[in-house]
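Below, each value reflects all heavy atoms present in this structure, side chains not excepted, and no hydrogens, waters or symmetry copies. In what follows, chains are A, B, ... by sequence order, proteins preceding strands, each numbered from 1.
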2 protein chains.
Amino acid sequence: MASQMTEMLKGTLEGIVLAILGDQPAYGYEITGRLREQGFADLAEGTVYALLIRIEQRGFVDVEKVPSEKGPPRKVYSLNAQGRTQLDEFWRTWSFLAERIGHLKTAHAEGEK
Amino acid sequence: MASQMTEMLKGTLEGIVLAILGDQPAYGYEITGRLREQGFADLAEGTVYALLIRIEQRGFVDVEKVPSEKGPPRKVYSLNAQGRTQLDEFWRTWSFLAERIGHLKTAHAEGEK
DNA sequence: CCGACTAACTAGTGTTGCCAGGTACCGCTA
DNA sequence: TAGCGGTACCTGGCAACACTAGTTAGTCGG
């Protein structure tokens, strides 16, 4: 059974990761772990890696290989100028959608009075 | 170039339509028109019809054919008990996601101070 | 008859997240 | 030294979903 969340993440997950990278650079394994801690428990590891490759190919991030004490070298991603533009666009789209859906929700609440 | 909105609607559009039907019954052409008025200007008509068929097959709505004064008969959809359950589930999932992303946004705003 | 509006439907396409693996590096322990 | 767990990254195939670009059909006015 496909969870609601799976479908809802389509389109938003990219923005979420861009927002994380906008705060500070990070690498894939780290991002997956953080998201899982923050409630996205079922997030598939492969999903994050695929997404990172995608946003790299679109030129939203810069990549640097950094050796790790334990394990293979990390690929640290950092948001560049184009990525920041994309992130702003994400916030605009998200705000619009959230506002629209917010209206529906209050209408829903009104109806329950 | 696929718009951000297109991808973001995946998963949420179903909830939006369920919410509309939760308020009062409606038919496809009407729903498409209303959504377009409310800012989803680029929403494809076919998308709504496909979605309605989907939620009908999943048993979330009841259908009634009602003759129209002008044009072919309308298929009026109304939310049933199972649909209301699904709608509640949507609100839960949405609330969680919106809250999580809200955190990222404030973190973003903090960083801009 | 023809265009415009209403109203519903469909086949094919692209994007996206998930599944279920695999590879590789390191340290610890039996 | 062989195995195991943790770290870290990647891949091929699949399913769901919205969009494209149409088609069909009913009603009305010019």
Looking at [options], which one has an atom nearest to any side-chain atom of [X]?
| X | options | result |
| --- | --- | --- |
| B:Leu13 | C:dT15, D:dA16, D:dA18 | D:dA18 |
| A:Pro72 | D:dT20, C:dC25, C:dC19 | C:dC25 |
| B:Lys70 | C:dT6, D:dA18, C:dA8 | C:dT6 |

If I take atom [atom1] in residue [X] and atom [atom2] in nucleotide [N], what distance separates them, rounded to the nearest angstrom?
| X | N | atom1 | atom2 | value |
| --- | --- | --- | --- | --- |
| A:Arg74 | D:dG6 | CZ | P | 17 Å |
| B:Glu56 | C:dT10 | CD | P | 11 Å |
| A:Leu43 | C:dT16 | CG | C1' | 13 Å |
| A:Arg36 | D:dT7 | CZ | P | 12 Å |
| A:Leu35 | C:dG17 | CG | P | 12 Å |
| A:Lys65 | C:dA24 | NZ | P | 13 Å |
| A:Glu7 | D:dC17 | CD | C1' | 6 Å |
| B:Ile55 | C:dC9 | CD1 | P | 12 Å |

| request: Could you tell me whether A:Glu7 and A:Lys10 have a side-chain N and a carboxylate O separated by less than 4.0 Å? | output: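 Salt bridge flag = yes for A:Lys10 with A:Glu7.
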With a cut-off of less than 4.0 Å, is there a side-chain N or O of [X] near OP1 or OP2 of [N]?
| X | N | result |
| --- | --- | --- |
| A:Tyr49 | D:dC10 | no |
| B:Arg54 | D:dC17 | yes |
| B:Thr6 | D:dA18 | no |
| B:Tyr27 | C:dA7 | yes |
| B:Ser68 | C:dT6 | no |
| B:Tyr29 | C:dA8 | no |

| said: On a heavy-atom basis, which atom in A:Glu14 and which in A:Gln86 lie closest, and how many Å separate them? | reply: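 For A:Glu14 and A:Gln86, the tightest heavy-atom pair comes out as OE2-NE2, 3.4 Å.
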| said: Please report whether the ring centroid of B:Phe60 lies less than 6.0 Å from that of B:Tyr77. | reply: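 No, too far apart.
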| said: Tell me if the aromatic rings of A:Tyr49 and A:Tyr27 count as close, with their centers under 6.0 Å from one another. | reply: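 So the answer is no for these two rings.
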| request: Mark yes or no for a side-chain to base donor-acceptor pair under 3.5 Å between B:Lys10 and C:dT15, with no hydrogen or angle criteria applied. | output: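 Answer is yes: a donor-acceptor pair is held.
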| Got a donor-acceptor pair under 3.5 Å from the side chain of A:Lys75 to the base of D:dA8? |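 Check fails, no donor-acceptor contact within cut-off.
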Please classify the nucleic acid contact of [X] as base, sugar-phosphate, or nothing, using heavy-atom distances under 4.0 Å.
| X | result |
| --- | --- |
| B:Ile53 | sugar-phosphate |
| B:Gly46 | base |
| B:Ala44 | base |
| B:Glu69 | sugar-phosphate |

| Atom CG of A:Asn80: over 12 foreign heavy atoms under 6.0 Å |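 More than 12 within 6.0 Å, yes.
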